[in-house]
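Heads up: the structure comes next, in structure tokens.
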Number of protein chains: 2
Amino acid sequence: MKNLLHPDLNFRLNGRLWVETDDDRFMGIGRLELLTQIQEQGSISKAAQQMGMSYKRAWNLVSSLNAQAAAPVVHTQTGGKRGGGAEVTPAGQQLIQEYRELQERFQAFMAAEAARLF
Amino acid sequence: MKNLLHPDLNFRLNGRLWVETDDDRFMGIGRLELLTQIQEQGSISKAAQQMGMSYKRAWNLVSSLNAQAAAPVVHTQTGGKRGGGAEVTPAGQQLIQEYRELQERFQAFMAAEAARLF
DNA sequence: ATGCGTTATATTTTCTCAAACATAACGACG
DNA sequence: CGTCGTTATGTTTGAGAAAATATAACGCAT
């Protein structure tokens with residue numbers, strides 16, 4: 001491929017990987033980041049803010065995740081101490097770990113292919 | 001991952017892979033399909049029509065490809081027999097082949113990961 | 001009780017990207 | 001020389017997604 005590419009430009013291989021159902025996305029790199037932020041912040045709104053995303057969008061993602069999981073991956077509470085909050089359930093933590101590992105293998109795949117291509 | 005997923009839904013692994021520069025995409029599955037169609041049809045407009053995409057969009061993609069390649073991957077001619085046309089150059093054919101092979105390895109990767117996940 | 005920060009949710013606005021539309025130029029061919 | 005199908009390119013429209021805005025409810029804490 002190297003000989004086909006314009007010599008002045010800097011080429012790289014990139015990609016996305018996700019788990020989907022017939023009519024919705026389930027897990028992807030963005031949702032992984034969101035779950036991680038929720039874990040760290042203990043709150044959907046803080047996680048959204050941290051990621052520069054609207055609260056509504058973050059909430060929708062959490063809702064989609066929970067709706068498609070066997071058991072909720074994020075547990076939320078309205079009102080109470082600190083106004084409420086959100087925490088990643090054990091199932092959610094397992095999801096984070098498994099997807100993170102998948103993502104790492106994907107990165108390795110891309111790195112290997114990039115080495116072959118360029 | 002299997003135990004985390006809602007049993008009523010059908011999950012699958014999907015993804016995209018592409019070659020990019022700092023400020024544009026160079027090659028991806030859509031462009032591969034377009035190049036293939038141009039090869040078959042001998043015309044950008046027919047290829048676009050075949051893919052249900054506007055001619056302008058197809059032309060823009062071809063323009064982007066040619067601008068980033070070391071040598072044009074599609075050669076076009078305005079006017080003349082059949083009103084003009086487009087053909088994939090040898091460089092373009094090599095690009096098609098190499099990206100197709102990459103895409104196949106990517107599919108294999110995803111299949112292997114899916115087998116592990118579900 | 002009142003305030004506070006959060007979840008939950010609907011509605012409106014804005015943004016972005018592709019489609020649609022509109023022309024012009026080109027060159028063979030009848 | 002006019003027609004035809006194509007490339008080439010600018011402008012406008014439209015659709016869908018994301019953001020912004022707006023409320024309400026919740027429950028601890030003061």
Side-chain angles (χ1 to χ4, degrees), chain A residues 14 16 18 20-21 23-26 28-31 33-35 37-69 71-89 92, chain B residues 14 16 18 20-21 23-26 28-69 71-89 92:
Chain A
N14 205 348
R16 288 295 173 99
W18 63 87
E20 66 185 13
T21 60
D23 38 31
D24 198 5
R25 188 164 296 199
F26 174 61
I29 182 72
R31 291 171 190 226
E33 174 69 12
L34 179 60
L35 287 177
Q37 285 295 328
I38 291 173
Q39 210 171 24
E40 289 176 8
Q41 307 289 334
S43 143
I44 295 177
S45 69
K46 288 221 180 68
Q49 183 174 337
Q50 203 70 22
M51 294 180 65
M53 141 191 329
S54 71
Y55 167 77
K56 181 177 176 64
R57 173 157 174 68
W59 186 89
N60 280 338
L61 291 173
V62 168
S63 169
S64 162
L65 277 165
N66 280 341
Q68 296 178 95
V73 294
V74 172
H75 173 257
T76 62
Q77 187 182 0
T78 75
K81 195 177 306 186
R82 291 175 44 243
E87 63 176 6
V88 176
T89 66
Chain B
N14 205 347
R16 288 295 173 97
W18 64 87
E20 67 185 12
T21 61
D23 36 32
D24 199 5
R25 188 164 295 199
F26 174 62
I29 182 73
R31 291 171 190 227
L32 171 63
E33 174 70 13
L34 178 60
L35 287 177
T36 304
Q37 285 295 328
I38 290 173
Q39 211 171 26
E40 289 176 9
Q41 306 289 333
S43 142
I44 296 177
S45 69
K46 287 221 181 69
Q49 183 175 335
Q50 204 69 22
M51 293 180 65
M53 143 191 330
S54 71
Y55 167 77
K56 181 177 177 63
R57 173 156 173 70
W59 186 89
N60 281 338
L61 292 174
V62 169
S63 169
S64 162
L65 277 165
N66 280 340
Q68 296 179 96
V73 294
V74 173
H75 172 258
T76 62
Q77 187 181 1
T78 74
K81 195 177 303 183
R82 290 177 44 245
E87 63 176 3
V88 176
T89 66

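Residue numbering restarts at 1 for every chain, and letters A, B, ... go by the order of the sequence lines.
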Checklist line | Whichever of Gly79(A) and Lys46(B) has its nearest DNA chain D nucleotide further upstream toward 5' | finding: Lys46(B)
Item checked: Main-chain N/O of His75(B) paired with Thr89(B) side-chain donor or acceptor, under 3.5 Å -> no
Notebook entry, point to check: Is there a side-chain contact between Val62(A) and Ile44(A) (heavy atoms, below 4.5 Å)?
Noted result: yes
Margin query: Please determine whether a side-chain nitrogen or oxygen atom of Thr76(A) lies at a distance below 4.0 Å from atom OP1 or OP2 of dA8(C).
Written below: yes
Checklist line | Residue Arg57(A), side-chain heavy atoms: nucleotide from dT7(C), dA19(D), dT7(D) that is nearest | finding: dA19(D)
Check: Out of dT7(C), dT7(D), dA19(C), which has the shortest distance to the side chain of Trp59(B)?
Finding: dT7(D)
Notebook entry, point to check: dA19(C) P sits how many Å from Met51(B) CE, rounded?
Noted result: 10 Å
Note to self: How many whole angstroms separate atom CD of Gln49(A) from atom C1' of dT7(C)?
What the structure shows: 15 Å
Note to self: As a test of reading the structure: which of dT6(C), dT7(D), dA8(C) is closest to the side chain of Ser43(A), going by heavy atoms?
What the structure shows: dT6(C)
Item checked: Between dC17(C) (C1') and Lys56(B) (NZ): distance, integer Å -> 12 Å
Margin query: Starting the side chain at C-beta, find the nucleotide from dA19(C), dA8(C), dA29(D) nearest to Lys81(A).
Written below: dA29(D)
Check: Expressed in angstrom and rounded to an integer, what is the separation of Leu61(B) atom CG from dA19(C) atom P?
Finding: 10 Å
Next item on the list: Ignoring the backbone of Ala86(A), work out which of dT6(D), dA8(D), dT7(C) is nearest its side chain.
Entry: dT7(C)
Check: Of the non-hydrogen atoms in Ala48(B) and Tyr55(B), which two are nearest, and what is the gap between them?
Finding: CB-CA, 3.9 Å
Margin query: Checking the side chain of Thr36(B) only, and the main-chain atoms of Leu32(B) only, is there a donor and an acceptor separated by less than 3.5 Å?
Written below: yes
Checklist line | Protein-nucleotide distance (Tyr55(A), atom OH; dA18(D), atom P), rounded to Å | finding: 17 Å
Next item on the list: Please state whether the phosphate of dA19(D), meaning OP1 or OP2, lies under 4.0 angstrom from any side-chain nitrogen or oxygen of Ser54(A).
Entry: yes
Next item on the list: Whole angstrom is fine here: how far is it from CD1 in Ile44(A) over to P in dT7(C)?
Entry: 5 Å
Next item on the list: Please check the phosphate of dT7(C) (OP1 and OP2 only) for any side-chain N or O of Ser45(A) closer than 4.0 Å.
Entry: yes
Check: Which whole-number value in Å describes the distance from Met53(A) CE to dT14(C) P?
Finding: 22 Å
Next item on the list: Please test Arg31(A) against Ser64(A) for side-chain hydrogen bond (donor to acceptor under 3.5 Å, both in side chains), starting from the C-alpha separation and ending with a verdict.
Entry: CA-CA 10 Å; Arg31(A) 291 171 190 226; Ser64(A) 162; 2.9 Å; yes
Next item on the list: In whole angstrom, give the distance that lies between atom CG of Asn60(A) and atom C1' of dA10(C).
Entry: 11 Å
